[in-house]
Colleague: 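A single structure is presented below for examination.
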Amino acid sequence: MSSAMQSDILTVEIKNRVATLTLNNVAKRNALSAALLDALITGLNGLDTGEVRAVILRAAPGLSVWSAGHDIKELPRGHEDPLGYSDPLERALRAIRELPLPVIAMVHGSVWGGALDLVLSCDMIVADETASFAITPVNLGLPYNTTGLLHFMGRLPMNLIKEMFFTAAPLKAAEAERWHIVNHLVPSGELDSFTMALAEGMTTKAPLAMAIIKEQLRVLADYQPIAAQVFERIQDMRRRVYESADFQEGINAFLEKRAAIFTGK
Ligand code: YXS
């Protein structure tokens, strides 16, 4: 049984109770624009019909970039939290985390910035040797958000988190396997078949039990008590960063295709 929803930047194909969502904005390296993220959220929310039992999120075949991360051209410019609760990327992360179906990120190519938060928000990650993973707010002067940092803290050791955030350097596939970022690292020629087999193996399991176990794990992992005063202090510190000249410089440098020169102001 196969059906497909075609939009120019995201496709949804359903086969053997597995829905494959493909990021397809090749020209913009699957930069996570509001349009692409809204299509992703719509695609995900359309799956909870009982016909689908597992989801694969992938990039179009053959791309060397899985996703170039948040669309920099759409980042709010100062005086507004660049990763606020209603940002399309944050809405997409919640859609994946709250979907009552297992979601596998199938990664061929490089993953940048907020796309790493997206991949880590999936329930499992299967990658091939071309995969790399980078988190890049220090390239822009952007103060990553607290929810996002908690996502990383729930998955990765602190020393790795700090190295990735402070260097913005891509972590290569073998390293990602060594740090257990990916569930499986498979040869690129086997990536599609391995991932589909993993997904299909879950389609015969009890969907109600799977959905409630996923939701329990989400609620328990996300339960991070934080004093209101601490949160407000963090938000105040973040505001000073996203209102800084450095943040403007980071975005301008990307748009002008030049290296940023940060002054600490
Ligand atoms: O010049 P045109 O119009 O053809 O467009 C170019 C790029 O401007 C565009 N593009 C992007 N547009 C908006 N946001 C992006 N993140 C983005 N990335 C790329 O796509 C067209 C082709 O790009 P080009 O020529 O650079 O392709 P390439 O194959 O030579 O290089 C691919 C990349 C991914 C290595 C390169 O595009 C790149 O370094 N992109 C930026 C990656 C990045 O820093 N992403 C982080 C975004 S900010 C984010 O996710 C978070 C908020 S945070 O900062 O916290 O991490």
Side-chain angles (χ1 to χ4, degrees), residues 8-9 23-40 57 59-78 80-94 96 105 107-122 130-153 155-156 160-173 181 234-235 237-239 241-244 246-260 262:
D8 56 345
I9 53 176
L23 305 173
N24 202 29
N25 192 356
V26 176
K28 297 296 180 188
R29 305 299 184 269
N30 286 331
L32 299 174
S33 60
L36 181 54
L37 291 163
D38 285 341
L40 174 59
L57 178 60
L63 279 184
S64 61
V65 179
W66 193 87
S67 170
H70 201 296
D71 187 322
I72 294 170
K73 298 176 178 109
E74 296 186 358
L75 283 169
R77 303 290 297 264
E80 186 183 344
D81 189 333
L83 287 177
Y85 184 81
S86 58
D87 183 276
L89 173 62
E90 298 305 308
R91 289 192 287 110
L93 299 183
R94 293 194 296 272
I96 290 173
V107 180
H108 169 92
S110 54
V111 176
W112 300 84
L116 177 52
D117 210 340
L118 187 73
V119 164
L120 290 177
S121 291
C122 294
T130 70
S132 66
F133 306 89
I135 183 69
T136 53
V138 297
N139 285 350
L140 288 178
L142 184 143
Y144 212 69
N145 63 350
T146 304
T147 304
L149 289 178
L150 288 171
H151 291 161
F152 282 84
M153 290 170 67
R155 287 278 274 104
L156 307 178
L160 175 64
I161 293 171
K162 289 181 177 179
E163 181 176 341
M164 292 187 76
F165 270 88
F166 298 166
T167 67
L171 196 73
K172 297 207 179 313
I181 292 174
I234 288 172
Q235 287 300 90
M237 290 191 296
R238 292 187 62 246
R239 182 181 49 75
V241 175
Y242 64 69
E243 290 186 345
S244 69
D246 272 359
F247 182 46
Q248 295 302 323
E249 165 63 8
I251 293 186
N252 289 339
F254 175 81
L255 299 177
E256 296 160 15
K257 298 186 188 288
R258 61 174 173 81
F262 296 119

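One-based numbering, in listed order, for ligands and for the atoms of each. Throughout, numbering of the chain's residues begins at 1 and tracks the sequence.
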Colleague: Please tabulate, for the side chains in residues 139-147, all donor-acceptor contacts under 3.5 angstrom to protein atoms that are two or more places apart in sequence or on a different chain.
Modeller:
| unit_1 | atom_1 | unit_2 | atom_2 | d |
| --- | --- | --- | --- | --- |
| Tyr144 | OH | Asp117 | OD2 | 2.7 |
| Asn145 | OD1 | Gly148 | N | 3.1 |
| Asn145 | ND2 | Leu83 | O | 3.2 |
| Asn145 | ND2 | Glu90 | OE1 | 3.2 |
| Asn145 | ND2 | Glu90 | OE2 | 3.3 |

Colleague: Between the side chain of Thr130 and the main-chain N/O of Gly109, is any donor-acceptor distance below 3.5 Å?
Modeller: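 Yes.
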Colleague: Is a side-chain N or O of Asn24 found less than 3.5 angstrom from the main chain of Ala59, in a donor-acceptor match?
Modeller: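 Not at all, since once roles are kept as given, no pair shorter than 3.5 Å links the two residues.
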Colleague: Is there a donor-acceptor pair closer than 3.5 Å between any side-chain N or O of Arg91 and the backbone N or O of Leu37?
Modeller: no
Colleague: Is the number of heavy atoms from other residues, nucleotides or ligands under 6.0 Å of Glu163 CD greater than 12?
Modeller: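 Open: at most 12 neighbouring heavy atoms sit under 6.0 Å from CD of Glu163.
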Colleague: Where the side chain of Asp71 meets the backbone of Ala31, is there a donor-acceptor pair that is under 3.5 Å apart?
Modeller: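 No.
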Colleague: Output the set of protein residues with a heavy-atom contact under 4.0 Å to ligand 1, ordered first by chain identifier and then by residue number.
Modeller: Ala27, Lys28, Arg29, Ala31, Val65, Ala68, Gly69, His70, Asp71, Ile72, Lys73, Trp112, Gly113, Gly114, Ile135, Thr136, Pro137, Leu140, Leu142, Tyr144, Phe254, Lys257
